[in-house]
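Presented below is the structure to which this report refers.
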Amino acid sequence: MTVHPATTSVPHWSPEPALDPGGARRFVLGAGGDFALTPDGSVPDAVFAAAVTGDRFVILGNAAEIARARADLLAAGVLPAEITEALTGAPDPHADQPRTVYCPHCHSASTGSVPIGGTVPCASCGIELVVYHHYSQRLGAFLGYCAEAEELP
């Protein structure tokens, strides 16, 4: 599957992001930061308890961790401009790396180390999902579709 980068929703996170100079405080989320992310990459409740309007957030992690943490922050009302991401994994957004994939069949999410266009089994329903190049910021996941859709009865 060849996709032109200008027509895709795949995020392009940088290993060296430009930090927003504004804000009252900056929380660094991830390994070695102010707060460690939970094992599934979500933001710990202590961050939300300590945060106030105007704070900025820097997320350090692989693509799956950044995606999950960013979705948590957006769901809590943090503005996209208040979030900076620093990728610690492969800088190529299409490379084989940890990804969260949304299953439209059972409405769950699975994580696997897979390139865009690769396949990952759904942890809930077991369907083999192709990782599509559509990314949802709200879900923090790539869309998956059934790899064998044409062959199912």
Side-chain angles (χ1 to χ4, degrees), residues 1-18 20 27-48 51 56-153:
M1 167 185 341
T2 303
V3 177
H4 190 277
T7 60
T8 181
S9 61
V10 175
H12 295 275
W13 293 309
S14 170
E16 298 176 21
D20 176 6
F27 290 100
V28 179
L29 311 174
D34 302 323
F35 293 92
L37 297 173
T38 64
D40 69 349
S42 59
V43 177
D45 291 337
V47 172
F48 300 116
R56 301 295 192 260
F57 302 87
V58 179
I59 307 168
L60 305 173
N62 63 41
E65 292 168 333
I66 290 175
R68 174 62 191 262
R70 181 176 172 80
D72 286 353
L73 291 171
L74 292 173
V78 176
L79 300 174
E82 297 172 330
I83 303 170
T84 303
E85 302 94 358
L87 185 65
T88 59
D92 178 4
H94 297 280
D96 189 13
Q97 58 185 293
R99 298 185 194 281
T100 303
V101 182
Y102 175 76
C103 177
H105 306 282
C106 68
H107 308 287
S108 66
S110 302
T111 302
S113 188
V114 62
I116 293 173
T119 61
V120 63
C122 175
S124 181
C125 68
I127 290 178
E128 194 71 17
L129 298 170
V130 175
V131 181
Y132 194 58
H133 60 269
H134 176 77
Y135 176 79
S136 169
Q137 289 189 27
R138 181 181 64 83
L139 298 174
F142 286 84
L143 176 63
Y145 65 88
C146 180
E148 302 163 355
E150 299 292 325
E151 299 160 11
L152 294 176

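Not measured: the values here are computed from a predicted model. Count residues from 1 along the sequence.
- T88 contributes a side-chain N or O that, together with a main-chain N or O of G61, makes up a donor-acceptor pair within less than 3.5 Å.
- Residue pairs meeting the salt bridge (charged side-chain N to carboxylate O under 4.0 Å, His left out) criterion with at least one partner in residues 35-44, sequence neighbours excluded, are D40-R68.
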Exercise for the section: Let me see the working for L143 and S136 under side-chain contact (heavy atoms from CB on, under 4.5 Å), right down to the final yes or no. Expected result: CA-CA 7 Å; L143 176 63; S136 169; over 6 Å; no
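- Looking only at side-chain heavy atoms (C-beta outward), S108 and C125 stay at 4.5 Å or farther from each other.
- To the nearest 0.5 Å, the span separating CG on D72 from CG on D45 amounts to 9.5 Å.
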Practice task
Check the pair C146, H105 against side-chain contact (heavy atoms from CB on, under 4.5 Å), reporting the backbone distance first and the verdict last.
Solution key: CA-CA 8 Å; C146 180; H105 306 282; 3.6 Å; yes
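- Expressed to the nearest 0.5 Å, how far CG of L87 lies from CD of Q97 amounts to 6.0 Å.
- Without hydrogens or angle criteria, R56 side chain to E82 main chain gives no donor-acceptor distance under 3.5 Å.
- In this structure, R99 and V114 approach most closely via the heavy-atom pair NE-O, 2.8 Å.
- F48 has its side chain within reach of L73: a pair of non-hydrogen atoms, C-beta onward, lies under 4.5 Å apart.
- Partners of A51 under the side chain to side chain contact (heavy atoms under 4.5 Å, CB included) rule, at least two apart in sequence or in another chain, are F27, D55, F57.
- The distance from the CG atom of L29 to the CZ atom of R70 is 12.5 Å, given to the nearest 0.5 Å.
- A donor-acceptor contact closer than 3.5 angstrom links the side chains of Y102 and H107.
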Exercise for the section: In sequence, state the C-alpha distance, the side-chain angles, and the governing distance for L74 and R138, and then conclude on side-chain contact (heavy atoms from CB on, under 4.5 Å). Expected result: CA-CA 7 Å; L74 292 173; R138 181 181 64 83; over 6 Å; no
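- Among all heavy-atom pairs drawn from I66 and A86, the shortest one is CD1-O, 3.7 Å.
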Practice task
Run the numbers on I59 and I83 for side-chain contact (heavy atoms from CB on, under 4.5 Å), then give the verdict.
Solution key: CA-CA 8 Å; I59 307 168; I83 303 170; 3.8 Å; yes
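- The heavy-atom pair separating Y132 from F142 by the smallest distance is O-CD2, 3.5 Å.
- The two residues A31 and L60 come nearest to each other via the heavy atoms O-CD1, 3.9 Å.
- For the pair S110 (side chain) and A123 (backbone), a donor-acceptor distance under 3.5 Å is present.
- What you find for T111 and A64 is that their closest heavy atoms are CG2-CB, 4.2 Å.
- Distance check, rounded to the nearest 0.5 Å: SG of C103 to CG of L129 gives 4.5 Å.
- Closest heavy-atom contact between V120 and G112: CG2-CA, 4.1 Å.
- The structure places OG of S42 at 7.5 Å from CG of L37, a figure rounded to the nearest 0.5 Å.
- To the nearest 0.5 Å, atoms CD1 (I127) and OH (Y145) are separated by 13.5 Å.
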